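Just so it is clear, the structure is predicted and the values come from calculations on it, not from any experiment.
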Amino acid sequence: MTVARAPRRITVAEAARHVGELVCIPGWLYNLRESGKILFPLLRDGTGILQCVASKAQLPESVFQAIKDLTQESSIVVTGTVRAEPRAPGGYELEVADLEVVQRVPESDPYPITPKEHGIEFLLDRRHLWIRSRRQNAILRIRHEVVKAIRDYFDSHGFTLCDTPIFTPAACEGTTTLFEVNYFDHDKVYLTQSGQLYNEATAMAFGKVYTFGPTFRAERSKTRRHLTEFWMVEPEMAYATLEDVKQVAEELIVFVVGRVLENRRAELAVLERDVSKLEAVQPPFPRISYDEAVRLLQSKGSPIQWGEDFGGDEETLLSEAFDRPVMIDRYPAAVKAFYMQPDPERPEVVLGVDVLAPEGYGEIVGGGQRIHDYELLVRRLEEHRLPRQAFEWYLDLRKYGTVPHAGFGMGVERCVAWICGLDHVRETIPFPRMLYRTRP
RNA sequence: UCCUCAGUAGCUCAAUGGUAGAGCAUCCGGCUGUUAACCGGAGGGUUGCAGGUUCGAGUCCUGCCUGAGGAGCCA
């Protein structure tokens, strides 16, 4: 293999800057159209897809024949001259001078994912190949942009990255939704479902922190919004309140969507995403209370009663009432986690907030202010029948210099699904893990 | 865990209880500007599995398996 050879090696994405130059591009054959003595191989290299042109009259017979015999996804290194060409998709094409076949996929076992339609089961079984396709490539590039934007936001706003453990000794909110793991000869441990409790410790050490990693939920959920393994960013701030959470969440979402609009226009175009919906994501986001949300739902015909948590239908109804993410705060304490700080003026509700993405994508952010009073936290642990011994270290945080503090979690996959306009989160991660799917 | 739906060629799908088909993919042939190219031809089937009803089952019945969509729960 002689990938690095005389002509300058470039990528498909760089082709427009090399018009008139002889270059070489290593990649794979995405598709081959032919018309007699002229061939149109489509070259894919991970940065894009470029149409090449090979004419019989201008190539040695052996090279022309080798191209004619190419099969889908064969690995090739194409040498040729870049040309601006209005007839080519994307406006540029590569006039082939030479082509090296690195590996030709045999026709006895052709590449299974053809340019035609396929069912979701077939594609998910071949996820390791499916990610090569134009659409999946665009989605995963946007995911990268989202992840990078999240990190850039926190890194430039005084937050310290403090990763939290994936093996955890006990439940954070009850054991039924945790994956159990045998840990040597001793106790069981569980895969984390949230880094939040540890974030509260690191926030007392560093002030403003975030953790960013995979989390695991052993829920038998089988919907377009659920994975059993998903990625979440969770910031936590000392000396902070519910209002601080709302402000940071709003800034973060605006920043992330802005970055995607700035850097991933081409990918959004591949997905045929209506970007005007994303351009509308500007501050301030509408802020309503749980009480107002219940009234709004009832006015739209929902049977919801005060005190009930929102289901998928309610979230969809609420998010469709606004053109940008909506923040809903002060939920009934009974439907929220044990660590949520009660509203001092109305103890039956807590200082928590959820952010619902527009267009029916549901909850992308959940968080709020945490209980900082030792006695109250002890009482809540008892009410929720949680083993106090496992939470002694957590209670320590309220014994040694406790302060009001707050934070939230944002789900990466739901965010990406919303930004990309997808109908299922499974396409937003390279290898999704779901209730009945752990392969490949 | 519950509800609904589906499983037929490599893929996507047809087929009143009566000879299992089409498009794409693959192979052969044609075409110098194709855009999921197009045109002509060829090969390709244990109809998810196991029973049952019937002269006859892809089709009807029972059970099982696999998957999809949704509910609850959640990001």
Consider the side chain of A:Ile38, meaning its heavy atoms from C-beta on, and name the nucleotide among B:U32, B:G72, B:A75 that approaches it most closely. B:U32

Pick the P atom in B:A6 and in B:G43, then give their distance to the nearest Å. 34 Å

Work out how far the C1' atom of B:A20 is from that of B:C13, and round it to whole angstrom. 14 Å

Compare the minimum distances between each of B:G67, B:C74, B:U34 and the side chain of A:Glu121, then state the nucleotide with the smallest one. B:G67

Pair assignment for B:G51, Watson-Crick or G-U wobble, requiring both distances under 3.5 Å: B:C61

For B:G44 and B:G10, measure between their C1' atoms and round to the nearest Å. 9 Å

So which nucleotide from B:G33, B:C31, B:U26 ends up closest to the side chain of A:Lys37? B:C31

B:C31: pairing nucleotide in any strand, Watson-Crick or G-U under 3.5 angstrom: none

With a 4.0 Å cut-off, would you call A:Arg414 and A:Glu315 a salt bridge? no

Taking any strand in view, what nucleotide pairs with B:G44 in a Watson-Crick or G-U wobble way, both distances under 3.5 Å? none

Please confirm whether the shortest side-chain N or O distance from A:Lys222 to OP1 or OP2 of B:A68 is below 4.0 Å. yes

Basic-acidic side-chain contact under 4.0 Å: A:Asp354, A:Lys336: yes

When you compare B:U4 with B:G18, how far apart are their P atoms, in angstrom units rounded to a whole number? 28 Å

Strictly by Watson-Crick or wobble contacts shorter than 3.5 Å, is anything paired with B:G23, and which nucleotide is it? B:C11

Among B:C74, B:G33, B:G69, the nucleotide that comes nearest once only the side chain of A:Asp309 is considered: B:C74

Return the orientation label for the A:Phe255 and A:Tyr153 ring planes: parallel under 30°, perpendicular over 60°, tilted otherwise. tilted

Indicate yes or no: does A:Glu61 engage A:Lys56 in a salt bridge with an N to O separation below 4.0 Å. yes

Out of B:A75, B:G69, B:A25, whichever nucleotide has its closest atom nearest the side chain of A:Met232: B:A75

Closest of B:A68, B:A25, B:C74 to the A:Leu124 side chain is B:A68

Find the partner of B:G56: check Watson-Crick (N1-N3 plus N6-O4 or O6-N4) and G-U wobble (N1-O2, O6-N3) distances, both under 3.5 Å, and reply none if neither fits. none

Ionic contact status for A:Arg439 with A:Asp125, cut-off 4.0 Å: no

Whether A:Arg433 engages the ring of A:Phe431 as a cation-pi pair (distance to the six-membered ring centre under 6.0 angstrom, angle to the ring normal within 45°) should be assessed. no

Taking atom types as they are modelled, would you say the side chain of A:His118 forms a donor-acceptor pair with the base of B:C11 within the 3.5 Å cutoff? no

Which base sits across from B:A71 as a Watson-Crick or G-U pair, both distances under 3.5 Å? B:U1

Would you kindly check whether a donor in the side chain of A:Arg220 faces an acceptor in the base of B:C2, or vice versa, at under 3.5 angstrom? no

Less than 5.5 Å between centroids and less than 30° between ring planes, does A:Phe230 satisfy that with B:A75? yes

Is there a donor-acceptor pair closer than 3.5 Å between any side-chain N or O of A:Ser74 and the backbone N or O of A:Val105? yes

At less than 4.0 Å, is any side-chain N or O atom of A:Arg439 found next to OP1 or OP2 of B:U66? Yes or no. no

When you measure from the side-chain N and O atoms of A:His424 to the phosphate of B:G69, is any distance below 4.0 Å, counting only OP1 and OP2? yes

Counting heavy atoms from C-beta on, name the nucleotide in B:U34, B:C31, B:C73 closest to the side chain of A:Ser221. B:C73

Could you give the distance separating B:G63 and B:G72 at their P atoms, to the nearest angstrom? 28 Å

Considering only heavy side-chain atoms of A:Arg225, the closest of B:G33, B:A71, B:A25 is B:A71

Base-pairing mate for B:U66 - Watson-Crick or G-U, with both contacts under 3.5 Å: B:A6

Could you tell me how far B:U62 sits from B:A71 if I compare only their P atoms? Round to whole Å. 28 Å

